[in-house]
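Notes to accompany the following structure.
Lettering of chains follows the sequences in order, A, B, ..., and the numbering in each one begins at 1.
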There are 2 protein chains.
Amino acid sequence: MQGSKRNCVNLFLRKTLGIQAMYKKVARREDIIQAAIEIFSKKGFQSASISEIAKRAGIANGTIYQYFRNKEDLFFSIPVEKTNEFRSQVALHLEGITGVFNKIRKFVWYFLYFFKNNPEYGRLLMLELRVNRSFAKTETYDFLKQSVRSVWDIIEEGQKEGVIRTDVDIYILRHLVLGILEHMVSRWLLKDAQYDILEHHQQVSRILIDALRGGVADSGGPVAKD
Amino acid sequence: MQGSKRNCVNLFLRKTLGIQAMYKKVARREDIIQAAIEIFSKKGFQSASISEIAKRAGIANGTIYQYFRNKEDLFFSIPVEKTNEFRSQVALHLEGITGVFNKIRKFVWYFLYFFKNNPEYGRLLMLELRVNRSFAKTETYDFLKQSVRSVWDIIEEGQKEGVIRTDVDIYILRHLVLGILEHMVSRWLLKDAQYDILEHHQQVSRILIDALRGGVADSGGPVAKD
DNA sequence: ATCAATATTGAACATAATTCATTATTATTA
DNA sequence: TAATAATAATGAATTATGTTCAATATTGAT
């Protein structure tokens, strides 16, 4: 999906621009996004100024509008790259793990680990983009939602195996998992990331697993104890 | 705390203004806040303009700056009244309920009920204020945090009775409860409040109670089954 | 090397928050 | 009640910043 889209863009660029200009254009776009991440995460959307971003990127104000429709479009373009990283890393970390509860444990750990290591991006995503009504209507938002698709898949797998309860709507179970994780990360970022967000990851997994199991009797499937 | 502060303000006003002017000043302040709620919740902080708020309140732009330091100060002043309402209503609804799990059920229900009935305010609180770094440093934010103090109290009570697990940090348990509730409300608001947020309140309570109980054996305390 | 196509620039423009000198209103005093 | 003082409200002027666009610079094709 994303790959084919990029190919289209590349084809278009190759036809109209030379190959060097194409690379330059892509690189400049990335320069702008990098500058935007730095300024936006330090000051927030509202207080960050286009002038400052342009200065950081080493270009004139007007040039930004060659690459992005407006300040908001630039802001909304930030998560694409990081979402790809998160998504592929989750897949990698889940690779080879058997047992849905072990997968839950790993997902919980990686989610917290990722934001521990990307607090600036976390601020943009968790405190601004994730709750922005316009952003929720963009393609990037759909793409972002796909990045936590694995939670859904794991729960479904567990329900099929009979180790995760089916008396509760799967949407509610997903709200439970993402709710506690996003809440923890948001509060942590609002407290200026002063403490170790990863410290209690095992406790988080434990209560989530108890909630997901529910009244269902242990099926003796591939489940590891803490 | 809040009461004594208001008294100070009143005393100050009574000394410097006549009693009529005092009431007028308070009323006008409330007019502005009411106009601000309407405009901010429709357009969001960024897109709402002071002119529009002033117009709605039937006053000149400059007058707003007699009552509030700036646009942000006005925005941050909104939650005070509603927080009082939420807090007192929670207390009322919990009145007379015995058994910590019954209290959890009632809290979950009232939380969802409150935002179902206050979606405009919900947008301001959940999608803007709650994740605003400057707001997190205000007194109003501390006041707001106190409004969910009951969750902490209920969990503590349950732990003392031995019906809520003690192998998990109480902070994590609170993240669990507020996490799923705030997540549900936020997603619902981003979806333009199209479905009934209250529909699954029993399922939410059920998984939360399973998570809070954990491995702890039923103590036979005042606990009702679903 | 020349010309066409494209990219960059930054001053000018538009919008909106904030200020402040002026005007209107309200309270006090004789 | 009239005169005066104190306070509140006003809205035009100021300031700040996102956005546009005509002019300039750069790049690619012949």
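The environment of B:Glu85 atom CD is dense: over 12 non-hydrogen atoms of other residues, nucleotides or ligands sit within 6.0 angstrom.
Ring to ring, A:Phe76 and A:Phe68 are not that close: their centroids are 6.0 angstrom or more apart.
With sequence neighbours excluded, the residues that form a salt bridge (charged side-chain N to carboxylate O under 4.0 Å, His left out) with B:Glu157 are B:Lys103. In this view, B:Arg149 and B:Asp153 satisfy the salt bridge (charged side-chain N to carboxylate O under 4.0 Å, His left out) rule, not counting sequence neighbours.
Where B:Ile64 and A:Arg69 meet DNA chain D, the nucleotide closest to each residue was compared, and B:Ile64 sits on the side nearer the 5' end.
Across C:dT8, C:dT19, D:dG18, the shortest atom-to-atom separation from the side chain of A:Ile50 is found for D:dG18. Checking C:dT18, D:dG18, C:dA16 against every side-chain atom of A:Ser49, the shortest atom distance belongs to D:dG18. Among D:dA9, D:dG18, C:dT8, the nucleotide with an atom closest to any side-chain atom of B:Gln66 is D:dA9.
Residues B:Ser41 and B:Arg123 share a closest heavy-atom pair of O-CD, 4.2 Å.
B:Trp109 pairs with exactly one of B:Tyr113, B:Phe107, B:Phe111 by the ring-ring contact (aromatic ring centres under 6.0 Å, His included) rule, that one being B:Tyr113.
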What pairs of nitrogen or oxygen atoms, one from the protein and one from nucleotides 11-14 of chain D, lie under 3.5 Å apart?
none

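Cation-pi geometry between A:Lys191 and A:Trp188 is not met at under 6.0 angstrom from the ring centre and within 45 degrees of the axis.
Evaluation of the side-chain hydrogen bond (donor to acceptor under 3.5 Å, both in side chains) test over residues 169-179 of chain A, restricted to residues two or more places apart or in two chains, returns A:His175-B:His183.
Backbone-only engagement by A:Ala48 is indicated by non-hydrogen atom pairs under 4.0 Å involving sugar-phosphate atoms exclusively.
Taking five base pairs at each end of the helix from C:dA1-D:dT30 to C:dA30-D:dT1, the local helix axes there meet at an angle of 0°, rounded to 10°.
Rounded to an integer number of Å, the gap from CD1 of B:Ile53 to P of D:dT10 is 16 Å.
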Give the intermediate values and the outcome of side-chain contact (heavy atoms from CB on, under 4.5 Å) for residues B:Met184 and B:Phe115. CA-CA 10 Å; B:Met184 282 179 71; B:Phe115 287 103; over 6 Å; no
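Phosphate contact (OP1/OP2 of D:dA9, side-chain N/O of B:Tyr67, threshold under 4.0 Å): present. Put simply, B:Tyr65 has no side-chain N or O that comes within less than 4.0 Å of OP1 or OP2 on D:dA8.
Residues A:Tyr65 and A:Ile50 meet the side-chain proximity criterion, which asks for heavy atoms closer than 4.5 Å. The closest side-chain heavy-atom distance from B:Glu128 to A:Arg133 is below 4.5 Å.
Using a 4.0 Å cutoff on non-hydrogen atoms, no part of residues 70-79 of chain B comes near DNA chain D.
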